[in-house]
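Notes follow once the structure below has been shown.
Any value given below was found using the heavy atoms of this structure, including those in side chains, with hydrogens, waters and symmetry copies removed. Throughout, numbering of the chain's residues begins at 1 and tracks the sequence.
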Amino acid sequence: MSVSRIALGVEVVNGILYVVGGYNKFSVLQSAEAYRPTTGVWYSISNMHLCRMYPRVVTLNGLLYVFGRFDKPGASLCLTSVEIYDPDTDAWSIETFPSTNINTINGAVVIDRSVHFNNK
């Protein structure tokens, strides 16, 4: 990776490893990178709309979904949005959750082709 980061999200889409967000000891990141194992090369992709540390990430139909978590260290409320990355266009879109009363998202899984998340 070109940017050292902790508290990041990781997922694989079509054989490419993606790392998103995280924290670099100075700030929460909105940057994202991809790693192509066949070439052994890391490369930058478009930034997300928001900075996110400890994001939850899933893949569905070739898209990368990045859920919630925090936009600053010590935050007590979770971000109430999901960002969707399309590798074919190198572009992010963003959607908000219907409920704004979310204090944490502990995980996300894909079941029966729908995105579900564990909200507590």
Listed once per pair and sorted, the ring-ring contact (aromatic ring centres under 6.0 Å, His included) pairs that draw on residues 16-35, sequence neighbours left out: Tyr18-Tyr85, Tyr35-Trp42
Specify the closest pair of heavy atoms between Leu29 and Met48, including all atoms of both residues, with the distance to one decimal. O-CE, 4.2 Å
Do the non-hydrogen side-chain atoms of Glu95 and Glu83 ever get within less than 4.5 Å of each other? no
If you measure from CE on Met1 to CG on Leu17, what distance do you get to the nearest 0.5 Å? 8.5 Å
If you look only at pairs with a residue in residues 27-45, which of them pass as a salt bridge (Lys or Arg N to Asp or Glu O under 4.0 Å), with sequence neighbours excluded? Arg5-Glu33
Transitively linked via ILVMFWY side-chain contacts under 4.5 Å: Val13 with Val10? no
Quick one: closest heavy-atom pair of Ser2 and Ser44, and the distance? OG-OG, 4.2 Å
ILVMFWY network linking Val19 to Ile16, side-chain heavy atoms under 4.5 angstrom: no
Applying the 4.5 Å side-chain criterion to the ILVMFWY set and letting contacts propagate, would Ile6 and Val3 be lumped into a single cluster? no
Minimal non-hydrogen separation, Asn47 against Ala32, with atom names: OD1-N, 4.3 Å
Atom of Thr59, atom of Val12 and distance for their closest heavy-atom approach: OG1-O, 3.1 Å
Please say yes or no: joined through hydrophobic side-chain contacts below 4.5 Å, possibly via intermediate residues, are Val82 and Val58 part of one cluster? yes
For residues Asp90 and Ser46, is any side-chain donor paired with an opposing acceptor at under 3.5 Å? yes
Pick out which of Leu50, Asp86, Leu64 makes a side chain to side chain contact (heavy atoms under 4.5 Å, CB included) with Trp92. Leu64
Summary of salt bridge (Lys or Arg N to Asp or Glu O under 4.0 Å) pairs that have at least one residue in residues 13-23, sequence neighbours excluded: none
Under 4.5 Å between any side-chain heavy atoms of Val57 and Tyr65, yes or no? no
Shortest non-hydrogen pair, Ser4 vs Asn24, comes out as O-CB, 3.3 Å
Minimum heavy-atom separation for Pro55 to Gly9, with atom names? CG-N, 3.6 Å
Rounded to the nearest 0.5 Å, what separates atom CG in Asn14 from atom CG in Leu63? 9.5 Å
Are Val20 and Tyr43 connected in a single hydrophobic cluster, I mean Ile/Leu/Val/Met/Phe/Trp/Tyr linked by side-chain heavy atoms less than 4.5 Å apart? yes
Would Ser27 and Met53 count as a side-chain contact (heavy atoms from CB on, under 4.5 Å) if you check the C-alpha gap in whole Å, the side-chain angles of each, and the deciding distance to 0.1 Å? CA-CA 9 Å; Ser27 61; Met53 62 188 294; over 6 Å; no
